[in-house]
Amino acid sequence: MKEHFLLDEDIIFLNHGSFGACPKVVFENYQFWQSELEKQPVNFFTKILYPELEKSRRSVANFLGCDQNELIFFQNPTTAVSNIICNLNLKPGDEVLMSSHEYGALIRSWDEWGNANKVKIIKQDLSMPLVNENNFFQDFKKGFTSKTKVLFLSHITSATGLIFPINRVLSYAKKNGIITIIDGAHVPAHIPLNIHDLGCDFYVGALHKWLCGPKGSSFLFVKKDNQKWMKPLVYSWGKYGDDPGPSEFLQDFQWQGTRDMAAFLAIPTAIQFYENYILDNSKNCRENIKYAFEKLKILFKIDPISIGGDWIGQMVSYPLPKSTPLNLKEELWNNFKIEVPIFDWNGHRYIRISMQVYNKKSDIDTLLNALDNFLKV
Ligand SMILES: Cc1ncc(COP(=O)(O)O)c(C=O)c1O
């Protein structure tokens, strides 16, 4: 499958999770939209753009189980989440509950806002290894208090690469009138998702990661009821502009000044690519990740952070032995052209392996051999 992607042929790319990788046909479609714009910029921005954005929103909505008018394209999850945060009307002393596994940049966004507004940002620890949904729920439940007003939770975590069974936590929060925001940056085209079935207030996802869209394609789902109070961070023409959209919400968010929206318009092609080439092959990727998980257990002789199984998909994070030299990442790249991320999380270092359809099982074996040699030295 590697020939379908633009990735350098000589590298072993085991880090799809960070920024994805774009297939050639998707990238060509992205460039097609950029050329269309430049042929007649005024006509493009006033006449062509909005119906095309609608088509693109419709394809994402069908893919992820929601309504096209509940979706707004954003460049990345950070801006989408920041846009929710700045709309929250919380009082000093109120609490936002999240897990201790949230994405670092977003923890920072919440902490900065929390400090400025005297809102407590609670990071709930979970006992490890993660073994079942009940333990996950019971642990997480300890973080709720009468002051919890917002739940912010990853559906798949970043540094720890875990699929969280979020349904019970979500139902509990909803029953208690808590605003629910799910960070699904790693979810679209990685695990099945139906946003309406999930029933959260907000859902954020990246489309350039596992769906393999062009960089800078992400979305924010906002449940209809919440659209009344969601205002954009950047005000532009809104209802006084060219967007014929059916709601002020769409008009306010879609036009945020002149910008390149070609990545958003290439999403239907990315979905088609996923359906034609990725869907059936991703089972193989998950099997290879399980293989890596078992091999790392033997190689590192360290307990994993979950029992594997449904906790891992096309990514696995494994704690590195304490003695691992600090230059591991550089050594893997310089000597083997292996791109794989090493993260610090909770006072420990982790290696996170991603498997996408362009990877082979032999990529994992090359990594394991390199790790074995390196750790022996
Ligand atoms: C779980 C999670 N949330 C949010 C993000 C934010 O992505 P970005 O930095 O592109 O906004 C990431 C990025 O990898 C992530 O892994």
Side-chain angles (χ1 to χ4, degrees), residues 57 60-61 63-90 94-99 101-103 105-114 117 119 121-124 140 143-144 148-158 164 166-188 190-191 193-207 209 211 217-234 247-250 252-254 256 264:
R57 287 201 321 272
V60 178
F63 187 60
L64 300 178
C66 63
D67 189 288
Q68 70 192 57
N69 295 332
E70 295 171 309
L71 283 179
I72 291 292
F73 286 112
F74 271 87
Q75 240 113 334
N76 53 59
T78 304
T79 31
V81 172
S82 297
N83 218 126
I84 308 170
I85 295 178
C86 73
N87 275 281
L88 295 172
N89 188 14
L90 267 53
D94 284 346
E95 293 175 3
V96 173
L97 175 63
M98 60 181 66
S99 79
H101 293 242
E102 301 311 320
Y103 183 63
L106 293 179
I107 294 179
R108 182 159 184 256
S109 311
W110 283 105
D111 280 345
E112 289 288 331
W113 173 83
N117 293 282
V119 171
I121 311 296
I122 312 290
K123 290 118 190 169
Q124 180 61 38
F140 199 81
F144 285 102
T148 309
K149 295 292 179 301
V150 172
L151 167 75
F152 175 69
L153 186 57
S154 283
H155 202 168
I156 299 183
T157 63
S158 179
F164 275 173
I166 59 173
N167 288 48
R168 241 172 115 188
V169 177
L170 257 180
S171 309
Y172 183 85
K174 278 194 295 175
K175 245 184 255 154
N176 287 284
I178 293 164
I179 295 172
T180 51
I181 307 168
I182 301 301
D183 176 358
H186 284 279
V187 170
H190 188 169
I191 55 171
L193 172 65
N194 185 302
I195 298 179
H196 277 173
D197 286 354
L198 210 55
C200 54
D201 290 302
F202 298 92
Y203 197 102
V204 174
L207 301 170
K209 288 187 189 274
L211 186 65
S217 50
S218 297
F219 73 88
L220 168 64
F221 159 88
V222 182
K223 204 173 170 178
K224 286 233 169 65
D225 295 347
N226 299 325
Q227 294 182 5
K228 296 189 281 288
W229 53 268
M230 270 292 281
K231 299 293 169 200
L233 256 174
V234 177
S247 70
E248 276 191 38
F249 170 74
L250 285 178
D252 264 343
F253 279 90
Q254 288 201 131
Q256 304 230 318
F264 307 157

Close side-chain approach of Ile179 to Lys149, heavy-atom, < 4.5 Å
no
Which atoms form the tightest heavy-atom contact between Ala206 and Ser218, and what is the distance?
CA-OG, 3.6 Å
Side chain to side chain, Leu198 and Leu170, heavy atoms closer than 4.5 Å:
yes
Side-chain donor/acceptor of Gln227 to backbone N/O of Asn69, under 3.5 Å
yes
Contact summary for Ser99 and Glu102, nearest pair of heavy atoms
OG-OE2, 2.6 Å
Return yes if some donor-acceptor pair links the side-chain N/O of Lys228 with the main-chain N/O of Asp225 below 3.5 Å, else return no.
yes
Could you tell me whether the side chain of Gln256 reaches within less than 4.5 Å of the side chain of Gln75, counting heavy atoms only?
no
Gap between atom NZ of Lys174 and atom CG of Leu151 - 0.5 Å precision:
11.0 Å
For Tyr203 and Gly184 the tightest heavy-atom approach is OH-CA, 3.5 Å
Working to the nearest 0.5 Å, report the span between CD1 of Ile107 and CE of Met98.
6.5 Å
Could you tell me the separation between the CG atom of Asn83 and the OG1 atom of Thr78, rounded to the nearest 0.5 Å?
12.0 Å
With no hydrogens and no angle check, is any side-chain donor or acceptor of Asn117 less than 3.5 Å from a backbone partner on Trp113?
yes
For Phe74 against Phe264, the heavy-atom pair lying closest together:
O-CE2, 3.6 Å
Can you find a heavy atom in the side chain of Ile182 that is under 4.5 Å from one in the side chain of Ile166?
yes
Whether the side chain of Asp94 engages the backbone of Val119 through a donor-acceptor N/O pair (distance < 3.5 Å, no angle test) should be reported.
no
Minimal non-hydrogen separation, Asp183 against Ala185, with atom names:
OD1-N, 3.1 Å
Among side-chain atoms of Thr180 and Asp201, is any donor-acceptor pair under 3.5 angstrom?
yes
Show your reasoning for whether side chain to side chain contact (heavy atoms under 4.5 Å, CB included) applies to Ile195 and Glu70.
CA-CA 11 Å; Ile195 298 179; Glu70 295 171 309; over 6 Å; no
Between Ser109 and Glu112: side-chain donor-acceptor atoms closer than 3.5 Å:
no
Can you measure from CG (Asp252) to OG (Ser247) and round to the nearest 0.5 angstrom?
8.5 Å
Look at the rings of Trp110 and Phe152 and say which category their plane angle falls in: under 30° parallel, 30 to 60° tilted, over 60° perpendicular.
tilted
Nearest 0.5 Å, please: how far is CD1 in Ile156 from NE2 in His190?
4.5 Å
Quick one, Phe144 and Ile178 - any side-chain contact, counting heavy atoms below 4.5 Å?
yes
Can you find a pair of side-chain heavy atoms, one from Leu64 and one from Phe221, that are under 4.5 Å apart?
no
Find out whether Leu71 and Gln68 are in side-chain contact, i.e. whether some heavy atom of one side chain is under 4.5 Å from a heavy atom of the other.
no
Would you give the length of the straight line joining atom OG of Ser171 to atom CG of Asn176, rounded to the nearest 0.5 angstrom?
11.0 Å
Does some side-chain heavy atom of Ser217 sit less than 4.5 Å from a side-chain heavy atom of Phe73?
no
Heavy-atom pair with the smallest gap, counting every atom of Ala80 and Val204
CB-CG1, 4.0 Å
